[in-house]
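Worksheet for the structure shown next.
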Amino acid sequence: MMKMSRERFKEAGEFIKRSGRSLEAEYFRYLFEEGKEDAVIAETVKYQNEDGGFGHGIESDFRLPLSSPLATSVGLRHLVTVRGNKAVTSIRKAIRYLEKTFDQERKGWFAVPKEVNDYPHTPWWHFNEKEGMTVIDYSWGNPTAEIVAYLFLNRKFVEMLNIDELVITTISKLENKEEFQSEHELYCYVKLYEVLPNELKKRLEIPLTKGVQQLIQMDESKWKEYVPTPLGFVKSPGQNHFGIPTDKVNRNLDILLEELSERGNISPPWGESFYGDGFESAYEEWQGVLTLETLIVMDHFERIEKKKTKG
């Protein structure tokens, strides 16, 4: 089994610290170098606003300083992973924001407000004022399914929403789909699947597997393009594979290891062309984010050589 050498691992870590954001650097230190969870929390809450929501480019593809549900889902993604005592206050504030921005008619959240257009952003985050949403919002579950996952995890702090009803609504939305258009929507649903009790897991597994099988790209020659690969859905060996063969997961790991060995980092497969006009730093930020995410997956699959012990 191919593994990442300690030397290459160290190089990737140094790349994250040098070229990525402080957020990813502290996250790397926390996960791999006995760093402090408080440091990760401190870096995360720098992106949080007084209203409890997150903004300020925590999602690198739009620089909106104001809060948005999508950016708040990213902030909570970090906080629920670390889950230190100091994260609780920030989580509660984020939940207040999400309860206030819940759209009753949509039974979920729109990703970003129209003010996103006033700041640098990639085309897929452009708000169409005539339609009242971005192209991302055509796929209801992005970010609603992920947000519901974090609300479910922290339901003791939820006051204004019926979380059980919301979970069933979210599952039903996927059950009623025949054709799936967005792998990102399914990534959000995978996060929800992981936190649900077994009886709800079983219900969600059927449409989720159907969606994964419709959208996943099995052609290995295309995996360096911007396509949904096995590791987009499977982040650890004990996770549900949703019908993805184990040999495809292993091959995906091999290909990413080869890229890390050749380049020392993972670059956005969608390319650099979207990041001009003072927006260039977002591309380097993504390199840090994707490199860290890849190292985490490699660690889960025990694809990183262990440190040599003395004696």
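Just so you know, these numbers come straight off a predicted model, no measurement behind them. Computed from heavy atoms alone, side chains included, the values below leave out hydrogens, waters and symmetry copies.
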With sequence neighbours excluded, residues passing side-chain contact (heavy atoms from CB on, under 4.5 Å) with P268: W270, Y283, W286, Q287, L290

Salt bridge (Lys or Arg N to Asp or Glu O under 4.0 Å) assessment of E205 paired with K202: CA-CA 5 Å; E205 180 179 2; K202 290 176 183 176; over 6 Å; no

Crowding at NZ, K86 (>12 non-hydrogen neighbours, <6.0 Å): no

F110 and I136: CA distance, side-chain angles, deciding distance, side chain to side chain contact (heavy atoms under 4.5 Å, CB included) verdict: CA-CA 9 Å; F110 288 98; I136 301 296; over 6 Å; no

Over 12 foreign heavy atoms within 6.0 Å of NZ, K17: yes

Listed partners of E179 passing salt bridge (charged side-chain N to carboxylate O under 4.0 Å, His left out), at least two apart: none

H56 and K46: CA distance, side-chain angles, deciding distance, side chain to side chain contact (heavy atoms under 4.5 Å, CB included) verdict: CA-CA 9 Å; H56 304 283; K46 286 179 181 179; over 6 Å; no

Ring centroid separation F62 to F274 under 6.0 Å: no

Q213 atom CD, neighbour heavy-atom count above 12 within 6.0 Å: yes

E33 atom CD, neighbour heavy-atom count above 12 within 6.0 Å: yes

Ion pair check, E293 and K235, cut-off under 4.0 Å: no

Check against salt bridge (Lys or Arg N to Asp or Glu O under 4.0 Å), E165 and R155: CA-CA 12 Å; E165 182 179 296; R155 61 184 303 153; over 6 Å; no

Salt bridge flag under 4.0 Å for residues K93 and E50: no

Crowding at CD, E199 (>12 non-hydrogen neighbours, <6.0 Å): yes

Polar side chain donor-acceptor pair, Y138 to E131, under 3.5 angstrom: yes

Whether over 12 other heavy atoms sit under 6.0 Å from D247 CG: yes

Test log, rule salt bridge (Lys or Arg N to Asp or Glu O under 4.0 Å), inputs E11 and R8: CA-CA 5 Å; E11 288 175 0; R8 292 301 186 195; 2.8 Å; yes

ring-ring contact (aromatic ring centres under 6.0 Å, His included): pairs with one or both residues in residues 140-161, sequence neighbours excluded: none

Carboxylate-amine/guanidinium contact R92 E99, below 4.0 Å: no

